[in-house]
Amino acid sequence: MKKLAVLGSTGSIGAQTLDIVKAHPEKFQVTALSCGKNIKLLAEQIVTYRPVIAVCGRQEDVPELKEMVKAMDREACNQTEILWGQEGLKTVAIHSDCQMILNALMGISGLVPTMAAIEAGKDIALANKETLVTGGHMVMEAARRQGVKILPVDSEHSAIFQCLEGNQNRPIKRILLTASGGPFRGFTREQLEQVTLEQALKHPKWNMGRKITIDSATMMNKGLEVIEAKWLFDVPVSDIEILVHPQSIVHSMVEFMDTSVIAQLGVPDMGIPIGLALAYPNRLTAQEQQAGLDFFDAASHLTFERPDPKVFRCIDLAYQASLAGDSYPAAMNGANEVLVELFLQGKIRFIDIQDILEKVLERHQPISQPGLEEVLQVDREIREMTYLMAAATRN
């Protein structure tokens with residue numbers, strides 16, 4: 001039985017992970033859980049899964065979380081230690097009663113616990129792409145040094161991982177990273193200037209958290225995934241191409257030097273890549289209610305388009321940041337997190353996300369080969385700059 005720590009257990013990926021654990025109790029045991037602010041759901045998860053440790057985001061939430069658990073199940077309250085913040089996440093990451101960390105945290109908050117878990121020799125099921133965007137050079141080197149597996153949970157990277165199984169020594173010509181196109185596929189720049197928050201949160205294919213849904217709408221999510229793929233598969237970003245595939249059936253492809261292309265297909269269901277990462281090198285048996293791919297319906301008509309980087313500027317900004325290297329990807333990520341937050345709060349327009357991001361990157365003073373503390377410092381400074389530039393835009 002594999003012992004799991006689920007970081008970000010109250011989010012979309014975390015909740016789906018726990019559904020898989022519930023469906024396969026003979027294979028997995030949850031030993032740690034964490035949330036940001038949703039302590040009510042975390043309390044319910046604590047009672048259900050009886051972890052050794054649970055972590056909430058804020059210190060002031062600890063007493064209320066304890067009372068919630070105690071009111072539901074006094075024994076569960078006595079069994080689970082409640083911690084908070086980054087120190088709590090680091091404690092989970094190195095805890096001896098855990099074999100794998102599923103990192104479904106949001107943003108750069110996933111970097112520090114991932115590094116701590118790797119140094120402690122834990123395998124990582126990675127759903128937090130920002131970990132590799134901001135610290136890919138450190139993370140992959142530490143994983144190699146410690147002999148740790150990093151198993152991708154994003155559907156696109158899981159697809160690439162599956163395409164490369166058995167082909168590790170065969171040179172890659174290019175990675176073909178698919179994208180649904182989001183809710184604004186085919187829009188012009190002028191149309192993007194008019195979109196609303198409600199429109200941006202309506203993804204045509206996937207049910208995701210609010211932040212990643214906005215990233216999908218700006219196509220920054222795909223830019224982040226390009227950088228993640230670079231580190232996971234040791235491929236230059238110049239050999240990674242984005243294809244808009246609105247049916248979301250082909251989750252990504254790999255073209256080899258002889259021009260053969262291997263693709264991974266499936267219904268758009270995050271349970272599949274999550275289950276693969278948890279059970280690797282095995283595969284889980286699908287539940288009876290899970291529908292497979294119908295080649296005479298959903299997969300009967302597959303189309304591919306080129307994204308328009310002149311309209312969706314975040315794509316080019318991500319490529320440029322990766323090619324520039326140093327601390328540019330960390331700066332890009334920090335600025336994007338702030339801008340998405342401001343858009344969700346109604347303080348900037350949708351189009352401002354890419355426009356302000358470009359200005360922030362132009363002003364960034366890069367640090368060469370930043371270490372962990374330097375990456376975190378860049379993140380703090382770039383956030384301050386971004387808030388100021390966004391305020392100036394509003395005025």
Side-chain angles (χ1 to χ4, degrees), residues 7-8 10-14 34-39 56-58 60-61 85-86 89 103-112 127-131 133-135 182-184 192-193 195-203 206-225 227-228 312-315 317-318 321 327-361 363-364 375-395:
L7 305 185
T10 59
S12 175
I13 297 296
S34 87
C35 80
K37 298 179 182 179
N38 193 351
I39 59 172
C56 59
R58 302 178 300 186
E60 57 265 33
D61 287 335
Q86 277 283 323
L89 293 175
N103 184 345
L105 294 168
M106 187 177 72
I108 197 173
S109 64
L111 176 59
V112 170
N128 172 255
K129 58 181 64 65
E130 293 87 352
T131 286
V133 170
T134 60
F184 306 130
L192 289 185
E193 292 176 355
V195 302
T196 66
L197 174 59
E198 183 181 13
Q199 290 173 315
L201 287 171
K202 288 184 178 179
H203 195 281
W206 297 95
N207 180 23
M208 306 176 290
R210 285 161 64 87
K211 194 269 182 181
I212 193 173
T213 301
I214 300 303
D215 280 344
S216 180
T218 64
M219 294 203 72
M220 172 54 83
N221 194 45
K222 211 49 54 177
L224 298 175
E225 288 176 4
I227 300 174
E228 183 181 10
F312 296 94
R313 290 283 299 126
C314 289
I315 295 173
L317 294 175
S327 57
Y328 274 107
M332 179 198 72
N333 180 75
N336 180 66
E337 288 190 29
V338 168
L339 292 167
V340 171
E341 177 188 351
L342 291 174
F343 175 64
L344 287 169
Q345 294 172 356
K347 294 180 178 179
I348 61 173
R349 300 178 303 159
F350 181 81
I351 200 70
D352 291 332
I353 296 175
Q354 61 185 32
D355 290 350
I356 298 172
L357 178 60
E358 186 166 18
K359 294 175 183 176
V360 170
L361 289 176
R363 291 181 56 179
H364 177 55
V375 166
L376 298 176
Q377 179 63 26
V378 165
D379 180 72
R380 288 190 291 269
E381 292 175 355
I382 216 73
R383 287 170 186 269
E384 293 177 9
M385 181 195 299
T386 306
Y387 279 120
L388 290 173
M389 293 183 72
T393 298
R394 293 197 300 272
N395 295 333

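Basis for what follows: all heavy atoms, side chains included, without hydrogens, waters or symmetry-related copies.
Remark: Phe343 pairs with Phe350 by the ring pair (Phe, Tyr, Trp, His ring centres under 6.0 Å) rule, at least two apart or across chains. With sequence neighbours excluded, no residue forms a salt bridge (Lys or Arg N to Asp or Glu O under 4.0 Å) with Glu381.
Classification of Glu337 and Lys211 as a salt-bridged pair fails, no side-chain N sitting under 4.0 Å from a carboxylate O. Glu358 and Arg313 are joined by a salt bridge, as a carboxylate oxygen and a charged side-chain nitrogen come within less than 4.0 angstrom of each other. Lys359 and Asp355 are not joined by a salt bridge, as no carboxylate oxygen comes within less than 4.0 angstrom of a charged side-chain nitrogen.
Under the 3.5 Å distance criterion, the side-chain polar atoms of Asn103 are left unmatched by any main-chain donor or acceptor of Ala127. At distances below 3.5 Å, not a single donor-acceptor pair connects side-chain atoms of Ser327 with backbone N or O atoms of Ala330. Thr393 contributes a side-chain N or O that, together with a main-chain N or O of Met389, makes up a donor-acceptor pair within less than 3.5 Å. Side chain of Ser34 to backbone of Cys56: no donor-acceptor contact under 3.5 angstrom is found. In terms of modelled atom types and a separation under 3.5 Å, the side chain of Gln86 and the main chain of Ser109 share a donor-acceptor contact. Side-chain atoms of Thr386 never come within 3.5 Å of backbone atoms of Val338 as a donor-acceptor pair (strictly under, hydrogens ignored).
Between the CZ atom in Arg210 and the CG atom in Leu344 there is a gap of 5.0 Å [rounded to 0.5 Å]. For the atom pair CG of Asn221 and OG1 of Thr218, the computed distance is 8.0 Å after rounding to the nearest 0.5 Å. Taken from OG in Ser12 to CE in Met106, the straight-line distance is 13.0 Å, to the nearest 0.5 Å. Annotation: the span from Asp61 atom CG to Asn38 atom CG amounts to 10.5 Å, rounded to 0.5 Å. A distance of 12.5 Å separates CG of Leu339 from CZ of Arg349, quoted to the nearest 0.5 Å. Rounded to the nearest 0.5 angstrom, Leu197 CG and Ile214 CD1 are separated by 5.5 Å.
The two residues Gln354 and Leu317 come nearest to each other via the heavy atoms O-CD1, 3.9 Å. For the residue pair Ala104 and Gly14, the shortest heavy atom distance occurs at CB-N, 4.1 Å. In plain terms, the two heavy atoms of Ala335 and Ile382 that are nearest each other are N-CG2, 3.7 Å. Across Gln199 and Thr196, no two heavy atoms sit closer than the pair OE1-N, 2.8 Å. Taking both residues in full, the closest heavy atoms of Leu111 and Gly135 are given as CD1-CA, 4.3 Å, listed atom of the first, atom of the second, then distance. Scanning both residues, Ile356 and Ala390, for their nearest heavy atoms gives CD1-CA, 3.9 Å.
Looking at heavy atoms from C-beta onward, Asn336 lies in side-chain contact with Asp215 at the 4.5 angstrom threshold. No side-chain heavy atom of Thr213 sits less than 4.5 Å from a side-chain heavy atom of Lys202. You'll find the side chain of Arg380 stays beyond 4.5 Å of the side chain of Arg383, heavy atoms only. The closest side-chain heavy-atom distance from Val133 to Met332 is below 4.5 Å. Residues Lys347 and Tyr387 have side chains not in contact (no heavy-atom distance under 4.5 Å, counting atoms from C-beta outward).
Other residues, nucleotides and ligands place more than 12 heavy atoms under 6.0 Å from the CD atom of Glu60.
Of the residues Leu224, Val375, Ile227, the one that meets the side-chain contact (heavy atoms from CB on, under 4.5 Å) test with Asn333 is Leu224.
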